[in-house]
**Q** 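This is the structure, below, for whatever I ask next.
Since this is a predicted model, take the numbers as computed values, not measurements.
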Amino acid sequence: MANKTTSEKLATLQKGYTLEGATIELGAAIIDGELHKDAPVRLPLSMMNRHGLVAGATGTGKTVTLHMMAEQLSTAGVPVFLADIKGDLSGLATAATGSEKLTARTEGIGQAWQGRTFPVEFLALGGDGNGVPVRATVSSFGPILLSRIMELNDTQESSLQLVFYFADKNGLELIDLKDLRAVIQFLTSAEGKDQLEELGGLSKATAGVILRELVSLEAQGLEKFFGEPEFDTAELLRTAPDGRGVITCLELPTLQTKPMLFSTFLMWLLADLFEDLPEAGDLDKPKLVFFLDEAHLLFNDASKAFLEAITTTVRLIRSKGVGIFFVTQTPKDVPAEVLGQLANRVQHALRAFTPEDAKALKATVSTFPMSDYDLEETLTSAGIGEAVITVMNEKGAPTPVALTRLRAPESVMGPSDEALVRSTVAGSALLAKYGTAVDNHSAFEKLSGKAAAPTGPAAGGSVPREPVQGGAGQGGAGQDDVDAEARRIEEEILGRPSSRPAPSAETRRRTPAENAPAPRPGAGDSMVGDIGGMLGGALGGGLKSMARSIGTQLGRELLRGVFGTSSRRRRR
């Protein structure tokens, strides 16, 4: 390695980054302290669904890097999702202006630069900021993600899963936080104590803890993030009329006060895409590239179930044409199970001011292939806008490690004028669809006997159902309910026609009270028995014992999505 000449190192990089097909141009290589614009560093567009990592110390240029990559992806017709942590990324909607310094930089790396704008859609969680409001229903958000926001322990998380199961089983739609609160209050009341006992693993004390945490969320003003109309993640896959990919920019002005909500909500978006998108195999370009900024927030104090769900999503969503880039300070911020799946690495400079920094530096160096660089020295001396890069080539092998001076963005590296952002939002086709919150008939109204008050034009499209009399107890599943759920599992989840009989006309005419099963001994085992019956009938006896445990990964994935998210959302 030490005996190679500069020309030999140059030849290695030129050969390693000579790629066929469309590419994202990252910059030009620096070898032995000199910039070589005849050694361009590229990333194959077809390999961007192999995921990636953009890392580096604060102020080294990570945001500019994802800005530059987003521009090129959009130009290639690939939609992009960005979380705008600092408010800088709205500049994608404004063309940059040139300068002597910029011209010198771009000419030095062989970049034919010109200022331009890009198609941007601005979103805001629950309308908190300048953007089209993004909401999710509590039911589709699911118990695992909601437990993370509520900072529940593993036992409380399992108990919340039982509450969701009870609501699903009894037709109690969990649209907003007051719906979930109403269900928990019912289960902890004298009227609902029998149903609470049937859930077995849910104690009244634990239900009370969950209820208090839920009230705390409402007190923090988080209820506006949950409700309808729910955001359809298919909106992230749009292209502009000129064929360029739409860059969806999620504004997060209050991130510092709600970091857990931010990171968890991003995983809901990914989980929702994972559930909805079909298998795509190897594509010439991804359907979407998703940049997860401040990725360390995603993993801090995460439960085992949450980490397992992230790992599963990252591993499997690749085959659905979605690429995920984690943006953080060091690779140590990302668990090894996830880091091992990130084939494309853009590592900006690291600092080694403390013993902990030195450990992080050594760990980072160990994640790169052998190279012609002294990476410990290179990573501590790299300038702003420079990064050490290795990516996956079209044959699935890592490219040579290259210290790279990165390309400059062609739109403004900073916020767009607020008036431009507001006018873009006002002209968005999504505003009419998601701009006005609605309060449809759901668990709160059913359990309280109240009718929902229409709050927007979309409310008129809902068909109110009869409130549950005497609480949710009459929504228990009879044999026809079990058959119906088994059919759903076979047809919707397993993707095959069901052999289960359809309900008779007489059964369909019955009221829920008439269909409710008679009490039977061992009511405390009813949940396990119902699940065992449903899955045993649908899948055969071999999986029946596995289905008896609602806490198992298989049970969670079959009854709900990989994060416990709902596969049948009520979208308006």
**Q** A side-chain contact here means heavy atoms from C-beta on lying under 4.5 Å apart; do Phe81 and Leu250 qualify?
**A**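 Yes; the side chains approach each other to less than 4.5 Å.
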
**Q** Just by distance, no angles: are the side chains of Tyr373 and Thr378 close enough, under 3.5 Å, to form a donor-acceptor pair?
**A**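 No, because no side-chain N or O of Tyr373 sits under 3.5 Å from a partner of the opposite role on Thr378.
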
**Q** Nearest 0.5 Å, please: how far is OG1 in Thr97 from CG in Leu102?
**A**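 Going from CG on Leu102 over to OG1 on Thr97, the span is 8.5 Å.
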
**Q** Hey, is the main chain of Glu25 close enough, under 3.5 Å, to the side chain of Gln72 for a donor-acceptor pair?
**A**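 Looks like yes, one N/O pair under 3.5 Å.
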
**Q** With distance as the sole test, does Asn344 use its side chain to make a donor-acceptor pair with the main-chain N or O of Met392 at under 3.5 Å?
**A**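 Such a contact is found between Asn344 side chain and Met392 backbone.
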
**Q** Any carboxylate oxygen within less than 4.0 angstrom of a Lys/Arg side-chain nitrogen, looking at Asp357 and Arg351?
**A**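 Salt bridge between Asp357 and Arg351, a charged N being under 4.0 Å from a carboxylate O: no.
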
**Q** Where do Ser416 and Thr94 come nearest, in terms of heavy atoms and distance?
**A**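 Of all heavy-atom pairs spanning Ser416 and Thr94, the closest is OG-OG1, 2.7 Å.
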
**Q** Do Ser140 and Thr137 pair up side chain to side chain, a donor and an acceptor below 3.5 Å, judged on atom types alone?
**A**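 There is such a pair between these side chains.
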
**Q** Would Phe325 and Phe290 count as a close aromatic pair, with their ring centres under 6.0 Å?
**A**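 That pair fails the under 6.0 Å test.
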
**Q** Please assess Val64 against Leu406 for the test side chain to side chain contact (heavy atoms under 4.5 Å, CB included), listing each intermediate value before the final yes or no.
**A** CA-CA 9 Å; Val64 176; Leu406 298 168; over 6 Å; no

**Q** Can you tell me how far apart CZ (Arg407) and CG (Leu26) are? Round to the nearest 0.5 Å.
**A**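 Here the interatomic distance stands at 9.0 Å.
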
**Q** How long is the gap from CG on Asp88 to OG1 on Thr63, to the nearest 0.5 Å?
**A**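 Separation between the atoms: 6.5 Å.
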
**Q** Would Leu89 and Leu66 count as a side chain to side chain contact (heavy atoms under 4.5 Å, CB included) if you check the C-alpha gap in whole Å, the side-chain angles of each, and the deciding distance to 0.1 Å?
**A** CA-CA 9 Å; Leu89 295 171; Leu66 63 91; 3.8 Å; yes

**Q** Give a yes or no answer on whether the side chain of Thr311 reaches the backbone of Ala309 with a donor-acceptor pair at less than 3.5 Å.
**A**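 Answer holds: no.
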
**Q** Within the distance-only criterion (no hydrogens, no angle test), does the side chain of Thr399 pair as donor or acceptor with the backbone N or O of Val391 below 3.5 angstrom?
**A**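 Checking the backbone N and O of Val391 against the side chain of Thr399, a donor-acceptor pair under 3.5 Å is found.
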
**Q** Before accepting this row, confirm whether a basic side-chain N of the pair Glu157/Arg148 lies closer than 4.0 Å to the acidic partner's carboxylate O.
**A**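 No.
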
**Q** At what distance, to the nearest 0.5 angstrom, does OG1 of Thr312 lie from CG of Leu316?
**A**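 The distance works out to 6.0 Å.
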
**Q** Could you tell me whether the side chains of Thr6 and His36 share a donor-acceptor contact shorter than 3.5 Å?
**A**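 The answer is no; no qualifying pair exists.
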
**Q** Considering only NZ, NE, NH1 and NH2 on the basic side and carboxylate oxygens on the acidic side, decide whether Lys304 and Asp154 come within less than 4.0 Å.
**A**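 Not counted as a salt bridge, because no side-chain N and carboxylate O are separated by less than 4.0 Å.
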
**Q** Is it the case that the side chain of Lys62 and the backbone of Gly56 share a donor-acceptor pair, with hydrogens and angles ignored and the cut-off at 3.5 Å?
**A**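 Confirmed, Lys62 side chain pairs with Gly56 backbone.
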
**Q** Decide if atom CG of Leu283 counts as having more than 12 heavy atoms of other residues, nucleotides or ligands within a radius under 6.0 Å.
**A**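 Atom CG in Leu283 is packed in, count exceeds 12.
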
**Q** Just grab all the side-chain hydrogen bond (donor to acceptor under 3.5 Å, both in side chains) pairs involving residues 318-341, residues at least two apart or on different chains.
**A**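 For residues 318-341, and leaving out neighbouring residues, the side-chain hydrogen bond (donor to acceptor under 3.5 Å, both in side chains) pairs sorted by first residue read Thr58-Gln329, Glu279-Ser319, Thr328-Asp333, Lys332-Glu356.
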
**Q** Starting at OG of Ser366, measure out to CG of Leu361 and round the result to the nearest 0.5 Å.
**A**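 Rounded to the nearest 0.5 Å, the OG-CG separation comes to 10.0 Å.
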
**Q** Is the centre of the Phe225 ring less than 6.0 Å from the centre of the Phe265 ring?
**A**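 No, the ring centres sit 6.0 Å or more apart.
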
**Q** Can a donor-acceptor pair be found between the side chains of Tyr434 and Glu230 at a distance below 3.5 Å?
**A**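 Short answer, no.
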
**Q** Surrounding CG of Asn300 (heavy atoms of other residues, nucleotides or ligands, distance under 6.0 Å), is the total greater than 12?
**A**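 Count over threshold, so yes.
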
**Q** Step by step, would you call Phe299 with Ile310 a side chain to side chain contact (heavy atoms under 4.5 Å, CB included)?
**A** CA-CA 9 Å; Phe299 305 107; Ile310 293 175; 3.8 Å; yes

**Q** Between CG of Leu261 and CD1 of Ile149, what distance do you get to the nearest 0.5 Å?
**A**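 Reported value, rounded in 0.5 Å steps: 4.5 Å.
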
**Q** Under 3.5 Å, is there a donor on one side chain and an acceptor on the other for Ser411 and Glu71?
**A**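 Yes, side-chain donor-acceptor contact under 3.5 Å.
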
**Q** Any idea which heavy atoms bring Ser381 and Glu377 closest together, and the distance?
**A**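 Looking at all heavy atoms of both residues, the shortest contact is OG-O, 2.8 Å.
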
**Q** Assess whether a salt bridge exists between Arg50 and Asp282, defined as any Lys/Arg side-chain N lying under 4.0 Å from an Asp/Glu carboxylate O.
**A**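 A salt bridge is present here (some side-chain N lies under 4.0 Å from a carboxylate O).
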
**Q** Verify whether one side chain among Glu121 and Thr248 offers a donor that lies under 3.5 Å from an acceptor in the other.
**A**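 No donor-acceptor contact under 3.5 Å links the two side chains.
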
**Q** Where do Phe226 and Phe141 land on the ring-ring contact (aromatic ring centres under 6.0 Å, His included) test, with the steps shown first?
**A** CA-CA 9 Å; Phe226 296 99; Phe141 208 71; 5.2 Å; yes

**Q** Is there a donor-acceptor contact under 3.5 Å from the side chain of Ser74 to the main chain of Ala70?
**A**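 No: the side chain of Ser74 does not pair with the backbone of Ala70.
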
**Q** Should Thr60 and Ile384 count as side-chain neighbours, where that means a heavy-atom distance under 4.5 Å?
**A**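 No - every pair of side-chain heavy atoms lies 4.5 Å or more apart.
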
**Q** Working note: Leu379 + Gln347, criterion side chain to side chain contact (heavy atoms under 4.5 Å, CB included); need CA distance, chi angles, decisive distance, verdict.
**A** CA-CA 8 Å; Leu379 286 173; Gln347 178 65 59; 3.5 Å; yes

